[in-house]
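One structure is given below, encoded as structure tokens.
The figures here come from the full heavy-atom set of this structure, side chains too, leaving out hydrogens, waters and symmetry mates.
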Amino acid sequence: MKLFVSKRGAAELDVLRVGGAPVPTGGRPPIELLARVPSEECGCPEELWLIEGILYLIHMEVEDGTGEIFVFAGDFEEEYQIEVATLAELRAEMFAINAIHIRTPEGTRG
């Protein structure tokens, strides 16, 4: 596991730990929310995430309660249509799909 500690993380750990916090490491975190914007096509909410080198674009169709998850992982791309009620639920589905990619070398392909 590559260590990562942000300045905020160090401050929070300093309060939570008895022995004090580690020093901030700098660099990029393993999980980043890169953007939260309305879709340029329809205005629906979208989020762009970078998780361990895999790029995820999630798109929530508010009116019909469906969402789309687009996975961009260098040599392959995937798309999922998912029925969810909220953007938070769609985000949870994205993390579940990411867990599959972490567990299997081919991710969900195959």
Side-chain angles (χ1 to χ4, degrees):
M1 171 178 79
K2 183 178 176 185
L3 294 181
F4 172 79
V5 180
S6 67
K7 290 180 183 177
R8 166 95 188 259
E12 296 291 343
L13 285 171
D14 193 42
V15 172
L16 296 172
R17 288 184 164 191
V18 175
V23 175
T25 58
R28 296 188 79 154
I31 299 173
E32 287 184 90
L33 173 60
L34 301 176
R36 180 181 288 158
V37 295
S39 167
E40 65 182 352
E41 294 176 2
C42 63
C44 291
E46 290 186 336
E47 291 182 349
L48 181 64
W49 290 83
L50 182 61
I51 305 173
E52 298 286 351
I54 299 175
L55 197 61
Y56 294 87
L57 175 67
I58 62 174
H59 177 97
M60 182 71 206
E61 294 285 344
V62 178
E63 292 182 12
D64 67 2
T66 62
E68 297 171 301
I69 299 172
F70 301 93
V71 182
F72 304 97
D75 62 340
F76 73 94
E77 296 179 5
E78 296 176 334
E79 180 178 338
Y80 300 88
Q81 302 283 326
I82 299 176
E83 292 186 24
V84 291
T86 66
L87 185 60
E89 289 178 20
L90 184 59
R91 192 179 309 117
E93 293 290 338
M94 176 198 67
F95 280 106
I97 289 168
N98 180 258
I100 293 168
H101 284 277
I102 289 170
R103 282 189 231 118
T104 58
E106 288 86 31
T108 56
R109 297 175 291 160

Locate the shortest heavy-atom distance separating [X] from [Y]; write the atom from each residue and the value.
X: Pro38; Y: Gly43; answer: CB-O, 3.6 Å
X: Pro45; Y: Leu87; answer: CB-CD2, 4.1 Å
X: Pro22; Y: Ala10; answer: O-CB, 3.6 Å

Name all residues meeting the side chain to side chain contact (heavy atoms under 4.5 Å, CB included) criterion together with [X]; count only those two or more places apart in sequence or in a different chain, and write none if there are none.
X: Ala73; answer: Ile54, Phe76
X: Ile31; answer: Trp49, Ile51, Phe95
X: Glu93; answer: Ile69, Ile82, Val84

Set of residues satisfying side chain to side chain donor-acceptor pair (under 3.5 Å) with respect to [X], sequence neighbours excluded:
X: Glu32; result: Arg28
X: Glu79; result: Gln81
X: Ser39; result: none

Suppose the criterion is salt bridge (Lys or Arg N to Asp or Glu O under 4.0 Å): which pairs have a residue in residues 36-47, not counting sequence neighbours? Arg36-Glu47, Glu47-Arg91
Rounded to the nearest 0.5 Å, what's the gap from [atom1] on [X] to [atom2] on [Y]? Could you check?
X: Thr25; Y: Leu3; atom1: OG1; atom2: CG; answer: 7.0 Å
X: Glu77; Y: Leu55; atom1: CD; atom2: CG; answer: 9.5 Å
X: Met94; Y: Phe70; atom1: CE; atom2: CZ; answer: 14.0 Å
X: Asn98; Y: Arg103; atom1: CG; atom2: CZ; answer: 9.5 Å

Cluster partners of Val23, using ILVMFWY side-chain heavy atoms under 4.5 angstrom, listed by chain and number? none
Using links of under 4.5 Å between side-chain heavy atoms of ILVMFWY residues, direct or through other members, which residues join Leu13 in one cluster? none
Who pairs with Glu61 by salt bridge (charged side-chain N to carboxylate O under 4.0 Å, His left out), at least two apart in sequence or on another chain? none
Residues which pass ring-ring contact (aromatic ring centres under 6.0 Å, His included) with Phe72, listed by chain and number, not counting sequence neighbours: none
State plainly whether one hydrophobic cluster holds both Leu33 and Leu57, where clusters connect Ile, Leu, Val, Met, Phe, Trp and Tyr through side-chain heavy atoms under 4.5 angstrom apart. no
Cys44 side chain near Met60 side chain, heavy-atom distance below 4.5 Å: no
Taking only residues at least two apart or on different chains, which pairs with a member in residues 1-10 satisfy side chain to side chain donor-acceptor pair (under 3.5 Å)? Arg8-Glu12
